[in-house]
Amino acid sequence: MNAVAPWIAAQRAQLLAQRGHAWLLHGPSGLGQYALALELVRAWLCDAPGEHGACGRCASCHGIAVRTHADLCVLMPETQMLALGWPLPEKAQAEIEDKKRKASREIRVEAMRDAVEFAQRTSARGRGKAVLVFPAEQMNHVTANALLKTLEEPPGDVRFVLATEAAHELLPTIRSRCLGHAMLWPRPDEAHGWLAGQGVPPDAAQALLRAAGGRPDDALALARAGRSPQAWALIPKAMARGDVSALSALEPAQAVDALQKLCHDLLAQRVGAQPRYFDAADLPRPPGLGPLTRWSRALIQEARTADHPFNAGLMLESLVAQARQTLNSRH
């Protein structure tokens with residue numbers, strides 16, 4: 001089992017020392033919401049929990065490790081469950097295998113109804129039950145309302161942990177019925193050390209952490225996706241030249257994200273602040289606030305359809321043309 005990141009371990013100890021039947025872990029992506037949620041349910045269900053959480057050796061810990069624990073219900077979009085190795089219900093698995101439908105990108109109401117039924121059942125191992133919801137913002141209103149009643153009147157032996165990267169998208173009634181916990185940001189030395197433990201070379205770790213805005217999980221995802229720190233550093237000035245090839249390795253949504261980060265850094269420089277995602281030496285001279293503000297608004301619009309572009313190639317060309325025009329506008 002991989003060692004728990006130090007900032008996750010510190011938060012685990014803090015939360016386990018408090019009482020509550022429902023936690024809402026919230027913060028930007030890449031701070032370890034899922035890892036902390038899993039640490040909590042492991043400790044809640046463990047046969048011999050200690051001050052550092054679950055023991056890691058008992059039958060309960062083994063059941064969670066192999067994704068078969070009878071007293072744990074995991075609610076995620078089916079795409080997320082498949083990515084993280086959690087088994088789908090037999091009916092859902094059969095429908096996807098038979099190509100009757102694609103794996104869902106949101107938490108389905110059928111899964112939530114199963115979770116509500118699970119919450120009413122008696123604990124199989126006698127140490128209570130747990131429901132883990134991630135990412136919680138992927139519940140639509142119907143799904144969230146199905147959960148709400150159980151959160152309002154929880155059975156005596158079930159605890160909930162909801163983890164989200166967009167708490168503002170949750171129903172206020174869901175938020176109000178949970179104890180909120182804002183995820184802690186790791187210190188740079190902690191993040192670098194953890195990435196090194198995951199096999200990321202130190203020089204790449206520093207560059208990828210910058211590209212990820214200091215969020216270690218996002219930096220690790222970039223490393224595992226084969227993203228090159230050198231290629232990242234070339235993007236800003238390539239956009240000023242109108243060079244589409246600098247974004248050719250990215251999906252449209254990733255390209256929009258990169259351009260939003262570039263726009264953010266140029267806006268920061270324009271008002272005298274430090275860039276966050278790119279090294280200052282790699283940035284072109286920022287244009288005026290007007291063009292940058294208009295570009296920022298345009299990118300927000302592009303982000304809404306980036307996952308389903310009509311034509312990915314044309315979209316990239318349009319994005320780069322827009323970037324070039326902005327970066328070469330008069331001051």
Side-chain angles (χ1 to χ4, degrees), residues 2 5 7 27-35 79-80 82-85 105 135 165-166 183 185-266 268 274-284 295-296 299-300 302-303 305-309 312-313 315-320 322-324 327:
N2 290 335
W7 63 93
S29 69
L31 295 183
Q33 284 90 322
Y34 169 68
T79 51
Q80 193 92 38
L82 292 169
L84 293 172
R105 291 178 174 271
E165 298 169 356
M183 296 295 297
W185 288 75
R187 299 192 313 268
D189 61 311
E190 289 179 326
H192 282 100
W194 180 75
L195 286 170
Q198 306 297 316
V200 182
D203 56 340
Q206 184 170 355
L208 292 173
L209 265 175
R210 177 183 284 277
R215 304 168 189 177
D217 280 3
D218 286 355
L220 181 61
L222 293 175
R224 289 180 171 168
R227 298 282 280 277
S228 160
Q230 294 78 15
W232 177 258
L234 294 174
I235 288 175
K237 291 178 180 176
M239 294 303 95
R241 298 192 306 271
D243 183 358
V244 178
S245 66
L247 300 182
S248 61
L250 305 183
E251 297 292 328
Q254 295 171 334
V256 173
D257 178 68
L259 294 176
Q260 286 181 311
K261 289 175 176 177
L262 172 56
C263 185
H264 168 280
D265 279 5
L266 292 171
Q274 291 297 312
R276 181 172 188 179
Y277 301 103
F278 293 92
D279 190 281
D282 296 325
L283 293 171
W295 188 30
S296 176
L299 288 170
I300 290 171
E302 295 285 2
T305 57
D307 282 325
H308 306 286
M315 181 179 183
L316 282 181
E317 289 182 11
S318 173
L319 287 170
V320 174
Q322 187 180 62
R324 181 175 180 270
L327 298 179

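Sequential numbering from 1 along the given sequence is applied to the chain's residues.
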Does any pair with a residue in residues 239-259 pass ring pair (Phe, Tyr, Trp, His ring centres under 6.0 Å), and if so which ones, sequence neighbours excluded?
none
Which atom pair, heavy atoms only, marks the closest approach of Gln80 to Pro135?
OE1-CD, 3.8 Å
If I take atom CG from residue Leu259 and atom CD from residue Gln254, how far apart are they, to the nearest 0.5 angstrom?
12.0 Å
Whether over 12 other heavy atoms sit under 6.0 Å from Arg276 CZ:
yes
For a side-chain contact (heavy atoms from CB on, under 4.5 Å) check, start with the C-alpha distance between Trp295 and Leu262, then their side-chain angles and the critical distance, and finish with the verdict.
CA-CA 11 Å; Trp295 188 30; Leu262 172 56; 3.9 Å; yes
Correct closest heavy-atom pair for Asp218 and Ala212 would be CB-CB, 3.8 Å
Asp243 and Lys237: side-chain contact (heavy atoms from CB on, under 4.5 Å), yes or no, with the steps?
CA-CA 9 Å; Asp243 183 358; Lys237 291 178 180 176; over 6 Å; no
Can you check whether Pro28's main-chain N or O pairs, donor with acceptor, with Gln33's side chain at less than 3.5 Å?
yes
Reported CG-to-CG distance for the pair Asp217 and Leu222, which is rounded to 0.5 angstrom
11.0 Å
Pairwise distance CD(Gln230) to CG(Asp203) - rounded to 0.5 angstrom:
7.5 Å
Distance check, rounded to the nearest 0.5 Å: Glu251 atom CD versus Leu316 atom CG?
9.0 Å
What pair of heavy atoms forms the shortest contact from Glu302 to Val256, and how long is it?
CB-CG2, 4.2 Å
I'd like to know if Lys261 and Asp265 make a salt bridge, using a cut-off of under 4.0 Å between side-chain N and carboxylate O.
no
Mind telling me whether Trp232 and Phe278 have parallel, tilted or perpendicular rings, with 30° and 60° as the class edges?
parallel
Could you pull out the closest heavy-atom pair between Pro236 and Asp282, with the gap in Å?
CB-O, 3.3 Å
Quick check: are there more than 12 heavy atoms from other residues, nucleotides or ligands sitting under 6.0 Å from CD of Gln206?
no
For a quick test of reading the model, state the closest non-hydrogen atom pair linking Ala246 to Met239 and the distance between them.
CB-CE, 4.0 Å
Walk me through it: do Leu266 and Leu327 pass the test side-chain contact (heavy atoms from CB on, under 4.5 Å)?
CA-CA 9 Å; Leu266 292 171; Leu327 298 179; 3.3 Å; yes
Quick one: side chains of residues 188-195, donor-acceptor pairs under 3.5 Å with protein atoms, not counting sequence neighbours, listed by atom name and distance.
from: Asp189; atom 1: OD1; to: Arg187; atom 2: NE; distance (Å): 3.0
from: Asp189; atom 1: OD2; to: Arg187; atom 2: NH2; distance (Å): 3.1
from: Glu190; atom 1: OE1; to: Arg187; atom 2: N; distance (Å): 3.0
from: Glu190; atom 1: OE2; to: Arg187; atom 2: NH1; distance (Å): 3.3
from: His192; atom 1: ND1; to: Pro188; atom 2: O; distance (Å): 2.7

Trp7 and Leu31 have their tightest heavy-atom pair at NE1-O, 3.5 Å
Distance check, rounded to the nearest 0.5 Å: Leu250 atom CG versus Asp257 atom CG?
9.0 Å
Gap separating the OG atom of Ser228 from the CG atom of Leu234, nearest 0.5 angstrom:
7.5 Å
